[in-house]
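Values reported hereafter were calculated over all heavy atoms of this structure, with side chains retained and with hydrogens, waters and symmetry mates removed. Here the structure is a predicted model, which means the values were calculated and not measured. Numbers here simply count residues along the sequence, with the first being 1.
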Amino acid sequence: MKAARIVSSVIALGAVSVAVAADWPQFRGPERTGLSKETGLLKSWAEGGPKLAWKATGLGLGHTTVSVAKGKIFGMGLVGEDEKVWALDEKTGKALWSAKIAGSTSLQGRQGGYGSRATPTVEGNFLYTVGVGGEVLCMKVTDGTIVWRKSLVSDFGGQVPTWGYSESPLIDGEKLIVTPGGANAVIALNKTTGATMWKSELQNRVAYCSALAATVNGQKQYIQFLGSGVFGLDASNGKPLWSYTSPANKQQISCSMPIYQNGMLFAATAYQTGGGLANLATGKAEEVYFLREMQNHHGGMVLVGDYLYGTGNNSLMCVEFKTGKIVWESRSPGKGSITYADGMLYVRNERGPVTLVEANPKEYVQRGQFEQPERTREPAWAYPVVANGKLYVHDMDTLLSYEVK
């Protein structure tokens with residue numbers, strides 16, 4: 001394992017490439033990979049981190065990772081006894097609207113509170129989201145008017161999981177993919193009307209993941225990590241096609257979205273389990289390797305080139321995707337969530353610190369780290385978001401916007 005190297009945080013003066021505007025309209029970005037195509041971003045941070053552009057408060061309790069689209073920022077939170085969806089002005093952080101979608105939901109798991117978990121998915125003039133108690137909604141982005149709503153519990157027989165429904169809806173063509181769990185674990189709704197298009201013939205416990213659309217062996221599929229494993233479903237009718245159960249833990253707590261590329265699937269969980277790579281070329285999931293060290297809990301992973309980055313065992317790791325070889329690891333960023341943009345990894349420790357790290361497959365190179373102001377006592381589970389030259393850090397009632405262009 002190669003030695004780590006930490007570089008002092010100094011902003012270099014010189015030529016800066018032109019930034020490419022890039023919205024972040026859904027969980028983990030435009031393609032749900034955690035990768036931004038934006039360029040022209042800072043390659044290092046001064047002591048104390050990048051410049052704070054603005055701060056918004058009064059957003060309610062919750063762990064929603066924000067979405068950014070068409071000049072607006074969208075999120076959710078529990079304000080008093082009301083669960084709300086809200087919109088802010090992207091440039092100023094000024095509140096544009098806030099709409100109640102449900103009352104409060106008492107969860108079995110107190111850790112992290114009872115607030116929202118999902119990220120609103122924005123497409124055109126509408127957003128789609130899931131409340132912590134299982135409400136599925138289509139709303140107008142202009143003012144938060146509810147177009148239609150369904151309940152994963154009362155309409156589809158789901159059961160609110162221990163820490164609440166945490167899924168961010170997937171929009172694919174006319175379909176909206178959500179996961180009630182139970183007898184029909186995954187369902188497809190018409191995004192315009194909310195009508196049921198299909199129910200999967202798959203009985204399984206709902207976990208805390210969001211679905212991914214992929215083309216596997218020439219066939220459109222939806223990939224979802226449920227309680228007992230990762231499943232591939234025929235996109236046209238929800239028929240189960242394959243499963244990969246090795247990464248699932250005994251507690252059936254699956255939080256991080258799997259990574260898929262060119263017929264290969266990587267998935268991981270914590271709780272003394274780890275992650276594995278499966279080859280889907282034959283129509284079945286054939287395991288290539290299993291890496292106990294990659295116990296990625298809820299912060300996700302990113303695949304940059306041929307290397308996988310994510311946190312496991314309280315350290316950030318770089319892993320050779322095809323072989324499972326650990327190239328390096330560092331405990332400096334700690335355990336948390338990860339986003340990639342312009343050659344850099346933005347790692348947010350669940351205890352609060354945010355670290356800038358080179359996506360460097362040769363060695364660990366840290367380019368900055370800062371503690372956010374007014375940190376709450378709750379876990380920092382919301383992922384960092386990089387969009388249009390800004391870094392967004394959401395901590396319960398507060399959203400911070402930093403200049404990283």
Step-by-step side chain to side chain donor-acceptor pair (under 3.5 Å) determination, S246 to E287:
CA-CA 9 Å; S246 294; E287 191 166 87; 3.1 Å; yes
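Under 4.0 Å is where a charged nitrogen must lie from a carboxylate oxygen, and between D82 and K100 at least one such pair does. Between E403 and K390, at least one side-chain nitrogen of the basic residue sits less than 4.0 Å from a carboxylate oxygen of the acidic one, meeting the salt-bridge criterion. Residues R110 and E378 are paired through a salt bridge, judged by an N-O separation under 4.0 Å between the basic side chain and the carboxylate. The pair D395-R375 meets the salt-bridge criterion, since a charged nitrogen lies less than 4.0 angstrom from a carboxylate oxygen.
Between the side chains of T145 and D143, at least one donor-acceptor pair of N or O atoms lies under 3.5 Å.
In this structure, the side chain of R117 does not engage the main chain of H63 through any donor-acceptor pair within 3.5 Å. Although no hydrogens or angles enter the test, the distance criterion places a donor-acceptor pair under 3.5 Å between the side chain of S256 and the main chain of G300. With R348 contributing its side chain and A382 its backbone, the two residues share a donor-acceptor pair below 3.5 Å. Judged purely by atom type and a 3.5 angstrom limit, W24 has no side-chain atom pairing as donor or acceptor with the backbone of S36. Looking at Y289, its side chain never comes within 3.5 Å of a backbone N or O of A278 through a donor-acceptor pair.
Classification of the Y208-W163 ring pair by plane angle, with boundaries at 30° and 60°, yields perpendicular. The aromatic rings of W328 and Y364 sit perpendicular to each other, their planes meeting at more than 60°, with 30° as the lower class boundary. Relative orientation of the Y271 and H297 rings is perpendicular, given thresholds of 30° and 60° on the angle between their planes.
Once rounded to the nearest 0.5 Å, the distance linking CG of L35 with CG of D342 reads 12.5 Å.
When ring centroids are compared, H394 and Y383 stay outside the 6.0 Å threshold.
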Per-pair distances, 0.1 Å, donor-acceptor, side chain in residues 232-240, under 3.5 Å, sequence neighbours excluded:
unit_1	atom_1	unit_2	atom_2	d
D234	OD1	S236	N	2.8
D234	OD1	S236	OG	2.6
D234	OD2	Q219	NE2	3.2
N237	OD1	K239	N	2.9

